[in-house]
Amino acid sequence: MRKLITGLAVAVLATALAACGSSGGSGGGAASSKLATATSLQEAGGMDALVAAAKQEGQLNTITLPANWANYGTIIKTFQTKYGITVNNANPDGSSQDEINAVKQLKGQNRAPDVLDLGQSFAISAAKSGLLAKYKVASWANIPDAAKDPDGAWFSDYGGYVAIGYDPARVKTPPTSLADLLKPDYKNQVAINGNPTQAGAAFAAVYAAALANGGSFDNIQPGLDYFKKLRQVGNFVPVTGSAATVQSGQTPILIWWDYLQESSVASQLPTWKVVIPSDAKYAAYYSQAINATAPHPAAARLWEEFLYSTEGQNLWLNGSARPILLDTLVKSGTVDKAAYDKLPAVPSGDVSYPSDAQQDKAKAVVSQGWTTATSG
């Protein structure tokens, strides 16, 4: 299912608690206690000290990171090999809300999540609730201001565009817009990746639909109305769309992030086609954050430093996602050129993004209206 920042840098892009498992590990004692309040690599004593403390903890608890999502499988393996730290990834197919629930319900337990990968609206909510630690990675200055909390509670990591993906073997008329999907050609074919009240990817689909139907960042209601119409004409399939539902023929069309269409679906179905809808250019990033009460605070901070290093950023790029520091990689000549050249072309024209307040308002509207719009 999974989970969104909007507010991307223009230069870059213009629990199931039973599944959480026990982390084990011996903990880092005084070192971990000190790291729990470190807000920067400098406060952590430098990279060597951070690595030493993280290795002493020996464990890192992640949550809702599918192996085929933005290359997380390789990212996790690389981190484990590089530092000798075991990564315990709970509930890989969960949502942003599942992550927040786990932080609250597992607080004080050694199996609580150390780090989070959240849709931005969920990151903002978690920060307001005091659930997130304040930490600024070494490459903080290169993360655009619009793509991070000024105090370091969350910061953008990777992103892309809401896109329409389809199986040409089952979809004979290629759709090019969200408006197209209301046509009778697409009866019982269209799905999104989860429930928008819980999953950032699905929430983005509703926002994109709003923009395509006369709405705005201040008015997401047309997005709900669109999905109501999609259901009424019999085109909406109320399941969590995925590579599996595509392969089974249940959902020949998905409205989902372009990079996840590539990494999760096209990797399983090479003929899968992806198009950014002509009537809705909606782009966003997901956000990284550290649990304020992380049981492995040193490993949590080391994980973030790794993700925002040149190596980590290029690993996301290899997953067909656009890392937040892509512009920096290109300018410095450290970008993985082969992976960079494979990215789909960015649509022409400017792309704008909702503010935190607009997202909060939109999230409330969707929470209140989604069930009514898509049931019956």
Side-chain angles (χ1 to χ4, degrees), residues 1-6 15-17 19 63-70 72 89-102 116-123 125-126 158-166 178 181 188-210 220 223-224 226-228 230-231 235-248 250-265 268 274 280 282-287 321 359 362-375:
M1 186 184 297
R2 278 290 291 161
K3 324 143 281 217
L4 199 174
I5 136 178
T6 40
T15 51
L17 298 178
I63 184 172
T64 73
L65 302 182
N68 61 353
W69 180 287
Y72 262 123
N89 185 37
N91 192 15
D93 295 318
S95 68
S96 288
Q97 189 60 53
D98 289 331
E99 296 186 61
I100 293 174
N101 292 345
L116 307 170
D117 180 327
L118 299 159
Q120 189 195 11
S121 62
F122 294 89
S125 175
Y158 58 87
Y161 285 86
V162 168
I164 299 171
Y166 63 95
L178 293 179
L181 299 182
N188 295 318
Q189 291 191 333
V190 185
I192 58 176
N193 182 248
N195 185 319
T197 67
Q198 298 185 350
F203 177 79
V206 180
Y207 234 148
I220 200 172
L224 291 175
Y226 170 83
F227 278 99
K228 182 176 182 178
L230 202 64
R231 174 186 62 80
N235 293 3
F236 183 65
V237 183
V239 301
T240 298
S242 66
T245 62
V246 166
Q247 290 179 303
S248 70
Q250 186 179 17
T251 62
I253 299 174
L254 294 180
I255 304 173
W256 201 16
W257 296 120
D258 58 348
Y259 60 95
L260 295 178
Q261 306 250 16
E262 294 289 347
S263 63
S264 297
V265 185
Q268 304 297 314
V274 179
Y282 184 85
Y285 274 102
Y286 282 87
S287 302
Q359 285 198 75
K363 186 177 178 182
V365 172
V366 171
S367 294
Q368 293 171 8
W370 178 251
T371 299
T372 300
T374 57
S375 64

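Being a predicted model, the structure only gives us computed values, none of them experimental.
- Scanning both residues, A70 and A321, for their nearest heavy atoms gives CB-CB, 4.3 Å.
- Side chains of Y158 and W69: a donor-acceptor N/O pair is present below 3.5 angstrom, by distance only.
- We find the OG-CD distance between S367 and Q97 to be 8.5 Å, quoted to the nearest 0.5 Å.
- Of all non-hydrogen atoms in A201 and N193, the two that sit nearest each other are CB-OD1, 4.1 Å.
- The closest side-chain heavy-atom distance from P196 to V206 is below 4.5 Å.
- Of all non-hydrogen atoms in P92 and P66, the two that sit nearest each other are O-CG, 2.9 Å.
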Derivation of the side-chain contact (heavy atoms from CB on, under 4.5 Å) call for V265 and W256: CA-CA 11 Å; V265 185; W256 201 16; 3.9 Å; yes
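- Counting all heavy atoms, side chain and backbone alike, Q261 lies closest to I164 at NE2-C, 3.8 Å.
- K228 NZ to T374 OG1: the interatomic distance, rounded to the nearest 0.5 Å, is 10.5 Å.
- Note that the OG atom of S121 and the CD atom of Q359 stand 5.5 Å from one another [nearest 0.5 Å].
- Residues L118 and A123 share a closest heavy-atom pair of CD1-CA, 3.7 Å.
- At a threshold of 4.5 Å between non-hydrogen side-chain atoms, the residues F227 and I192 count as touching.
- By the 30° and 60° cut-offs, the orientation of the rings of F203 relative to Y207 is perpendicular.
- Remark: the Y72 side chain and the N89 side chain contain no N/O donor-acceptor pair separated by less than 3.5 Å.
- The two residues V162 and A208 come nearest to each other via the heavy atoms CG1-CB, 3.9 Å.
- No donor-acceptor pair under 3.5 Å is formed between the side chain of E99 and the backbone N or O of T64.
- If you take CH2 on W370 and CG on L224, they are separated by 7.0 Å, rounding to the nearest 0.5 Å.
- Between Q250 and V239 there is a side-chain heavy-atom pair separated by less than 4.5 Å.
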Would V237 and V190 count as a side-chain contact (heavy atoms from CB on, under 4.5 Å) here? Give the steps. CA-CA 6 Å; V237 183; V190 185; 5.8 Å; no
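- A cation-pi arrangement is present between K363 and F122 under the rule of less than 6.0 angstrom and at most 45 degrees off the ring axis.
- Of the inter-residue distances, the one linking I255 atom CD1 with L181 atom CG reads 5.0 Å to the nearest 0.5 angstrom.
- Under a 3.5 Å cut-off, the side chain of T251 and the backbone N or O of I253 do not form any donor-acceptor pair.
- Checked against the 6.0 Å centroid threshold, Y282 and Y161 do not count as a close aromatic pair.
- For the atom pair CG of L254 and OG1 of T245, the computed distance is 5.5 Å after rounding to the nearest 0.5 Å.
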Stepwise side-chain contact (heavy atoms from CB on, under 4.5 Å) check, V274 with E262: CA-CA 8 Å; V274 179; E262 294 289 347; 3.9 Å; yes
